[in-house]
Enquirer: 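Below you'll find the structure I mean.
Here is the naming used below: chain letters follow the sequence lines, and residue numbers restart at 1 for every chain.
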2 protein chains.
Amino acid sequence: MKNVVTAKDVAKLAGVSQSSVSRVYFEGANVSEKTRKKVLAAAEELGYRPNEFARSLITNRTKIIGLVMKGVQNPFYPQVLQQFTASFKKWGYSVLFVHTNNDEIQKEDIETLLNYNVAGVVITDATMALSAAEAFRSNEIPLVLFNRKLKTGEFYTVCCNNLSASRQIAEYLIGKGGGDMVYIAGNENTSTSREREAGFRETLERNQVAYRKYASDFTYEGGYATTLKVLEGKKVPSAFFAANDIMALGALDALRQHSIRVPEDTKIIGFDNIDMASWPAYELTTWEQPIEKMVEETVNYLLSEIDEYSGLIKTVEVDGSLIERKTT
Amino acid sequence: MKNVVTAKDVAKLAGVSQSSVSRVYFEGANVSEKTRKKVLAAAEELGYRPNEFARSLITNRTKIIGLVMKGVQNPFYPQVLQQFTASFKKWGYSVLFVHTNNDEIQKEDIETLLNYNVAGVVITDATMALSAAEAFRSNEIPLVLFNRKLKTGEFYTVCCNNLSASRQIAEYLIGKGGGDMVYIAGNENTSTSREREAGFRETLERNQVAYRKYASDFTYEGGYATTLKVLEGKKVPSAFFAANDIMALGALDALRQHSIRVPEDTKIIGFDNIDMASWPAYELTTWEQPIEKMVEETVNYLLSEIDEYSGLIKTVEVDGSLIERKTT
DNA sequence: TTCCATTTTGAATACGTATTCAAAAAACGA
DNA sequence: TCGTTTTTTGAATACGTATTCAAAATGGAA
């Protein structure tokens, strides 16, 4: 009962060969306008759609991009997901979605991607063992780490210019006055948290501003709990910089809990510019990650590598910008 | 240079036929333990992975589920996405992710799903033309509408028991006292908003409680703006029921904007129980949608239909429960 | 018209697997 | 041991498409 309309059926109805039908659906092939019309008419009548699997089998290519995500719970990622799918769709690619709970993408998931012979892979917020990457390299499948950096020279990476951003954030907060600042870190094994820390710390030290770092985990609850811990000390710091927005919101709520006024008694700044940051309840000052540009960079690279594989390794850092609201 | 290890190569190394190699990887086929071991050893040595496309071509089946989502911007949906992928993975299925901006899934996307001959389809928060559904039916591809209802008898539907929930919500609010209540509706063309309205209104009317409905759009900004409009009237209603949490949060912020105390001056209740509802800044009373159960129902149905297609049409309504916090 | 260059076409083949079918091997019962 | 049933095996084929290659058709120049 299944869909049985094949190129052969169309060929018969149109009075041409199967090859000609194939050529009509294959971009760049030579077909006369006459047969093209005949074929399309017959195809329309029968409801023909080329079988992607037969196609991929013979071309050894697919129109599928593997998109691996970690931490969908962060409101930042739905946007990323949406933009990727929209962008890939424009180029005729579909998205095979893989969710991983681990920091490092698992063997199982890698095999899925390889089994489906994906045309390219995007890994957001997670990393990958070098040995696993080798499997993609040897199959000439281009790969991008999105928003995660490993040692340079190992992966093509697209992320925000965290170092420059956190320096500017530090300078901005210094400009607002106050002598001691707190960095609320995300998971320590992420390049994003480490880099944001580095730029922030370095700039504060150069300006002789006292600096404390508190470990946290990129979650709202983490930001909340960590801030409560900060407040156990006697003195309220002059400013907080949280490694992402959602922690900043948690921090803000913790401060309110203690009736500490923001921005009068202390200031707080986040990172990402998620939707919630602009909500009246928060009005969070933050650093906008230029998702569109980051996605664009990623897609462009993948498409060019799909077109002709070079194995190019590079780190692309896209600049974001400060969004000033009412918490600083 | 691409992955060239085929079943034939493995067969040669193992000293068996290609058929035997195939049988090792095909569940339920007859192979002696001896050849299985030989084959697996050879496969391991060569790094063999069966080609999914060749496989699908001949079996006319895939291990791919099409997951269509609308409105990824609602924090409710990342959870849904994650649970679906996790659940399908357990059964060996991968997820082809399709994002649609329209209420009704577009022809383009439907063709993608058909081209990849997906084993089943989940449509969350969107609907589909009956004619499009026919394409799936005729190909015996099972389909589930998740969290959206159309006329019964047309689709297999899994959603929350909105009617019963909204009745209980009305009774709960009546129990809290107060004489006039406002319903903040979501998009009017969604069954979820209409059903939640129906149960709420009906119960209020039966109890002779004044009722007003305000149109909105399921977004935070919508909930905020709509509430401001409600407050233009002289009297603050005794309670608000918002069709989803994110609107309820917007409403709450709008109330605070006007220094109206919750729950003293008015009460508010949402729907979904998204993570943010429990944040200290909000502490929103809401109705929990039992996502796990809904996902489980969906997956079970799809798997059984994949196993043997029956075309069964049914509406499954899963009960949720009231989560009482500090806004009522 | 004829000849040559170019474009278009169809027959045949390949892609990597599952599956049929008959043959071979193994297991079993006596 | 032999005969019979059951299990396992390999050769051949099919899935639906893209692609090669030679043949056919077309177009243009003379």
Side-chain angles (χ1 to χ4, degrees), chain A residues 1-40 42-43 46-64 92 111 114-117 119 139, chain B residues 1-40 42-43 46-64 92 111 114-119 139-140:
Chain A
M1 298 300 99
K2 296 250 189 169
N3 177 33
V4 280
V5 181
T6 112
K8 205 187 275 180
D9 302 328
V10 176
K12 194 181 286 178
L13 179 59
V16 299
S17 72
Q18 179 266 324
S19 323
S20 293
V21 176
S22 171
R23 280 189 267 258
V24 168
Y25 287 88
F26 187 78
E27 216 163 334
N30 274 337
V31 216
S32 70
E33 207 47 43
K34 203 171 68 179
T35 62
R36 174 185 307 270
K37 271 186 186 157
K38 282 197 289 185
V39 167
L40 287 178
L46 298 177
Y48 169 72
R49 282 169 294 100
N51 181 318
E52 284 294 334
F53 293 92
R55 218 165 210 196
S56 295
L57 182 57
I58 196 157
T59 59
N60 203 19
R61 293 178 194 190
T62 64
K63 290 292 221 172
I64 304 179
E111 298 215 322
L114 291 172
N115 286 350
Y116 283 107
N117 193 20
N139 287 7
Chain B
M1 299 300 97
K2 295 248 189 173
N3 178 33
V4 280
V5 182
T6 116
K8 204 186 275 181
D9 301 329
V10 176
K12 193 181 288 179
L13 179 58
V16 300
S17 71
Q18 179 266 324
S19 324
S20 292
V21 175
S22 170
R23 280 190 266 257
V24 169
Y25 287 88
F26 187 77
E27 217 164 332
N30 273 337
V31 216
S32 69
E33 206 48 43
K34 206 170 65 178
T35 61
R36 174 186 305 271
K37 272 187 186 157
K38 282 197 290 185
V39 166
L40 287 179
L46 298 178
Y48 170 73
R49 281 170 293 101
N51 181 318
E52 284 294 335
F53 293 92
R55 223 169 204 191
S56 295
L57 181 57
I58 197 155
T59 60
N60 204 19
R61 290 178 195 193
T62 64
K63 290 291 219 172
I64 304 180
E111 297 215 323
L114 290 172
N115 286 349
Y116 283 107
N117 194 20
V118 291
N139 287 6
E140 304 199 343

Enquirer: Show me the pairs that pass salt bridge (charged side-chain N to carboxylate O under 4.0 Å, His left out) and involve residues 11-34 of chain A, at least two apart or across chains.
Expert: A/Glu33-A/Arg36
Enquirer: Closer than 3.5 angstrom, by distance alone: can the side chain of A/Arg49 be matched with the main-chain N or O of B/Leu114 as a donor-acceptor pair?
Expert: yes
Enquirer: How would you list, by chain and number, every residue that makes a side-chain hydrogen bond (donor to acceptor under 3.5 Å, both in side chains) with B/Thr59, sequence neighbours excluded?
Expert: none
Enquirer: Using atom CG of B/Asn60 as one end and atom P of C/dG16 as the other, report the distance to the nearest whole Å.
Expert: 20 Å
Enquirer: Not counting sequence neighbours, which residues clear side-chain contact (heavy atoms from CB on, under 4.5 Å) with B/Ile58? List them please.
Expert: none
Enquirer: Whole angstrom is fine here: how far is it from CG in A/Asn51 over to C1' in D/dA14?
Expert: 14 Å
Enquirer: Considering every strand and a 4.0 Å limit on heavy-atom distances, what is the contact class for B/Thr35: base, sugar-phosphate, or nothing?
Expert: sugar-phosphate
Enquirer: Pick the nucleotide of DNA chain C nearest each of A/Arg36 and A/Gln18; which residue has the one closer to the 5' end?
Expert: A/Arg36
Enquirer: Report, as a single string ordered 5' to 3', how protein heavy atoms within less than 4.0 Å touch nucleotides 22-27 of chain C: B base, S sugar-phosphate only, - not at all.
Expert: ------
Enquirer: Rounding to a whole Å, what distance do you find between B/Ile58:CD1 and D/dG16:P?
Expert: 10 Å
Enquirer: For residues B/Val5 and B/Val10, report the shortest heavy-atom separation together with the two atoms involved.
Expert: CG1-CG2, 4.3 Å
Enquirer: Rounding to an integer number of Å, can you tell me how far B/Arg55 CZ sits from C/dT19 C1'?
Expert: 13 Å
Enquirer: NZ of A/Lys8 versus C1' of D/dG16: gap in Å, rounded?
Expert: 9 Å
Enquirer: If I compare all heavy atoms of B/Tyr25 with all of B/Leu40, which pair ends up nearest, and what's the gap?
Expert: OH-CD2, 3.9 Å
Enquirer: Using the side-chain hydrogen bond (donor to acceptor under 3.5 Å, both in side chains) criterion, which residues pair with B/Thr35? Sequence neighbours excluded.
Expert: B/Ser32
Enquirer: Looking only at atom types and distance, does a side-chain atom of B/Asp9 sit under 3.5 Å from a main-chain N or O of B/Thr6, one as donor and one as acceptor?
Expert: yes
Enquirer: Can you tell me how far P of C/dT9 sits from NZ of A/Lys12, to the nearest Å?
Expert: 20 Å
Enquirer: Specify the residue among B/Ser17 and B/Ala54 whose closest nucleotide of DNA chain D lies further upstream toward the 5′ end.
Expert: B/Ser17
Enquirer: Is there a side-chain polar atom (N or O) of B/Thr6 under 4.0 Å from OP1 or OP2 of C/dG16?
Expert: no
Enquirer: What are the residues of residues 19-32 of chain A, sorted by number, that bring a heavy atom to within less than 4.0 Å of DNA chain C?
Expert: A/Ser19, A/Ser20, A/Arg23, A/Asn30, A/Val31, A/Ser32
Enquirer: Verify, without hydrogens or angle tests, whether A/Ser56 (side chain) and A/Arg61 (backbone) share a donor-acceptor contact under 3.5 angstrom.
Expert: yes
Enquirer: Return the value, rounded to whole Å, for the distance between atom CG of B/Leu57 and atom C1' of D/dA14.
Expert: 9 Å
Enquirer: Looking only at the side chain of A/Val16 (C-beta and beyond, no hydrogens), which of the listed nucleotides D/dG16, D/dA18, C/dG10 gets closest?
Expert: C/dG10
Enquirer: Nearest-Å distance, CD (A/Glu33) to P (C/dT9)?
Expert: 10 Å
